[in-house]
Trainee: 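Before I ask anything, here is the structure I am working with.
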Protein chains: 2
Amino acid sequence: MSGKLQAEIKQSKPFPRLEDEAFVNLIRTADRLVSAQAQLMKPWDLSPTQYNVLRILRGAGHEGLCCGEVGERLITRDPDITRLLDRMESRGLVTRSRDRKDRRVIAVRITQAGLKLLEEMQPAVEEFARKHLGPLGAARLRTLIDLLEQARERAG
Amino acid sequence: MSGKLQAEIKQSKPFPRLEDEAFVNLIRTADRLVSAQAQLMKPWDLSPTQYNVLRILRGAGHEGLCCGEVGERLITRDPDITRLLDRMESRGLVTRSRDRKDRRVIAVRITQAGLKLLEEMQPAVEEFARKHLGPLGAARLRTLIDLLEQARERAG
DNA sequence: TCATTTTATTTGTTTAGACAATTACTGTAA
DNA sequence: TTACAGTAATTGTCTAAACAAATAAAATGA
C-alpha cells in the first residue's frame with residue numbers, strides 16, 4: 001500500500017520523514033479532488049468556491065449573511081470576497097443590501113436563481129463525493145476525519 | 001472529537017453524509033496548510049510550487065529535466081509551466097537549454113543559487129511539517145497516508 | 001462633542017492561474 | 001521528398017488571486 005506517491009511523482013528516494021510524505025500526500029490529494037470538482041462544475045460555469053458560497057447562503061436562510069461571515073465560513077479562504085460576490089451578483093445568483101441599523105454591513109442573500117442552480121448541481125456534486133470517498137467505508141472515513149482535524153489543530 | 005469542522009464553518013446542521021464531511025475536511029486542511037506554508041516561505045519570496053520545482057530539479061541532478069517532466073512531478077498541477085520557469089529563470093534559480101538531439105525539448109536545471117536557496121529554506125520547511133503533522137505519531141501518519149492514497153485512487 | 005480607534009467593505013494594482021491557439025521540431029508513411 | 005500526425009514548449013488573452021491602501025460608518029473615551 002505504500003510507496004505509491006513516490007512512484008506518482010517519480011521520486012527516486014523514499015521520503016525520509018513520514019511527516020513529509022503525509023504532507024505531500026494530503027496536498028496532492030486535495031489538489032486532485034478540487035481540480036476534478038472544478039471540472040465537474042464547469043458546465044454550470046461555477047467555481048467550487050462560488051458553489052460553496054451558494055450553499056452557505058442557502059444555509060443562512062432569509063436573513064442572509066454579511067460579507068465577513070461568508071468569508072469565514074468558506075472551506076478555502078478567499079482574500080477578496082467583494083469581487084467574488086460581485087461576479088455572483090452580476091449573474092443574479094445573490095443580492096446585496098445595506099443593513100439599516102449598521103450601515104457598514106452588507107447583507108448577502110441567495111436569490112431564487114441561486115437556489116435553482118444549487119439544486120440543479122447538487123446531485124452531481126454529491127455523487128462526486130460518494131464516488132471518491134464513499135468506497136473507503138464509514139469506519140475509515142471517520143478515522144480520516146479525525147486525523148485531519150488533529151492535523152488542522154496545529155495549523156490555525 | 002467530532003463536530004469540530006461543523007463549528008469551524010458555523011454550520012447549524014451536522015453533515016448528512018460522512019463523505020461530505022471528509023471531503024470538506026480534507027480540502028480545508030490542505031488549504032490551511034498550504035496557506036501557512038506560503039506565509040512561511042514569503043521571506044524568501046518563493047511560492048510553495050516554486051519551492052517544489054527546486055526540490056524536483058535538485059533530485060533530478062545534473063541532467064536536469066524537460067518542462068513536461070517538471071510539470072508531471074509537481075505536487076499540485078500547474079497549467080503554465082513555461083511562465084513558472086520564466087520567473088525562476090529571471091531570478092537565476094534555474095537555467096534552460098535546448099536539447100541538442102531533440103530540439104523541441106528544453107532541459108531545465110537548478111543553479112548554484114537555486115541550490116543555495118533551497119538549503120537555506122529547508123530547515124524551516126521541514127520544521128513546518130514536523131510541527132503540524134509530527135504530533136500525530138508514526139502509526140497515525142501511516143494510516144493517514146494510506147487513506148489519502150486510497151482516496152486518490154478514484155481521483156486520477 | 002470631537003478626535004481616535006475599530007470594524008466592514010471596497011478599490012487599485014500587481015501577479016499568477018486557466019485555457020485556447022500557435023510555433024517549432026520530430027517521426028512516419030505514402 | 002513531402003505531406004501529415006504527434007509532441008514540446010511558448011504565446012495571447014481573459015479572469016481570478018493576492019495584498020496594500022482607502023473609504024465609510026460605528027463605537028469609544030477624553
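Only heavy atoms go into these numbers, but all of them, side chains included; no hydrogens, no water, no symmetry mates. Chain letters run A, B, ... following the sequence lines, proteins first, then strands; residues in each count from 1.
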Trainee: Provide, to the nearest angstrom, the distance between the CD atom belonging to Gln50(B) and the P atom belonging to dG17(C).
Mentor: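 Atom-to-atom, Gln50(B) to dG17(C), this comes out as 8 Å.
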
Trainee: Calculate the interatomic distance between Arg83(A) atom CZ and dT11(C) atom P; express it in whole Å.
Mentor: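 After rounding, the gap between these two atoms is 8 Å.
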
Trainee: Looking for any heavy atom pair under 4.0 Å, which part of the strands does Asp86(B) touch: base, sugar-phosphate only, or nothing?
Mentor: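 Nothing, no heavy atom under 4.0 Å.
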
Trainee: More 5' along DNA chain C: Arg103(B) or Thr82(A), using each one's nearest nucleotide?
Mentor: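 First, find each residue's nearest nucleotide; the 5'-ward one identifies Thr82(A).
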
Trainee: Test Ser35(A) against Asp31(A) for side chain to side chain contact (heavy atoms under 4.5 Å, CB included), laying out the working first.
Mentor: CA-CA 6 Å; Ser35(A) 294; Asp31(A) 179 69; 4.1 Å; yes

Trainee: For a 4.5 angstrom cut-off between non-hydrogen side-chain atoms, does Leu148(A) reach Leu26(A)?
Mentor: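 In short, these two side chains touch, coming nearer than 4.5 Å.
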
Trainee: Salt bridge (charged side-chain N to carboxylate O under 4.0 Å, His left out): which pairs involve residues 50-78 of chain A, sequence neighbours left out?
Mentor: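 Those involving residues 50-78 of chain A are Glu69(A)-Arg73(A), Glu69(A)-Lys10(B), Glu72(A)-Lys10(B).
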
Trainee: Under 4.0 Å from any heavy atom of chain A: name the first and the last nucleotide of DNA chain D that qualifies, 5' to 3'.
Mentor: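 Nucleotide range in contact with chain A: dA16(D) to dA26(D).
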
Trainee: Is there side-chain contact between Arg152(B) and His132(A), with at least one heavy-atom pair below 4.5 Å?
Mentor: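 No, their side chains stay 4.5 Å or more apart.
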
Trainee: If you go through the side-chain atoms of Arg104(A), does one of them form a donor-acceptor pair with the base of dT9(C) closer than 3.5 Å?
Mentor: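 Side chain to base: no pair below 3.5 Å.
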
Trainee: Please report the distance, rounded to the nearest Å, between CZ in Arg77(B) and C1' in dA18(C).
Mentor: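 Distance, rounded to whole Å: 9 Å.
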
Trainee: Does any part of the side chain of Val53(B), heavy atoms only, come nearer than 4.5 Å to the side chain of Ile81(B), both counted from C-beta?
Mentor: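 Not in contact.
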
Trainee: Contact class for Arg98(B) vs. all strands (heavy atom < 4.0 Å): base, sugar-phosphate, or nothing?
Mentor: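 Nothing: the residue Arg98(B), judged by heavy atoms under 4.0 Å, touches no strand.
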
Trainee: Mark yes when over 12 heavy atoms from residues, nucleotides or ligands other than Glu120(B) sit less than 6.0 Å from its CD; otherwise mark no.
Mentor: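 It does: Glu120(B) CD has more than 12 such atoms within range.
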
Trainee: Is there a side-chain polar atom (N or O) of Arg87(B) under 4.0 Å from OP1 or OP2 of dA16(C)?
Mentor: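 Checking Arg87(B) against dA16(C): at least one side-chain N or O falls below 4.0 Å of OP1 or OP2.
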
Trainee: Could you tell me how far apart Leu85(A) (CG) and dA8(C) (C1') are, to the nearest whole angstrom?
Mentor: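 Taking atom C1' of dA8(C) as the reference, CG of Leu85(A) is at 13 Å.
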
Trainee: Could you tell me how far apart Leu46(B) (CG) and dA16(C) (P) are, to the nearest whole angstrom?
Mentor: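 Rounded to the whole Å, the gap is 11 Å.
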
Trainee: Could you tell me how far apart Arg100(B) (CZ) and dT26(C) (C1') are, to the nearest whole angstrom?
Mentor: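 Interatomic distance, CZ of Arg100(B) to C1' of dT26(C): 18 Å.
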
Trainee: Map Pro79(A) and Val105(B) onto DNA chain D by nearest heavy atom, then report which one ends up closer to the 5' terminus.
Mentor: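 Result of the comparison: Val105(B).
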
Trainee: How many Å lie between CD1 on Ile106(A) and P on dA8(C), as a whole number?
Mentor: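 After rounding, the reported distance stands at 13 Å.
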
Trainee: Would you kindly compare Asp102(A) and Ser47(B) by the position of their nearest DNA chain C nucleotide and give the one closer to the 5′ end?
Mentor: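 Going by which nucleotide is closer to the 5' end, it is Asp102(A).
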
Trainee: Can you tell me how far P of dT9(C) sits from CZ of Arg96(A), to the nearest Å?
Mentor: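 Going from CZ in Arg96(A) over to P in dT9(C) covers 10 Å.
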
Trainee: Please examine the side chains of Leu118(A) and Tyr51(A), heavy atoms only from C-beta on, and report whether any two atoms are closer than 4.5 Å.
Mentor: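 A side-chain contact exists here, since the closest heavy-atom pair is under 4.5 Å.
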
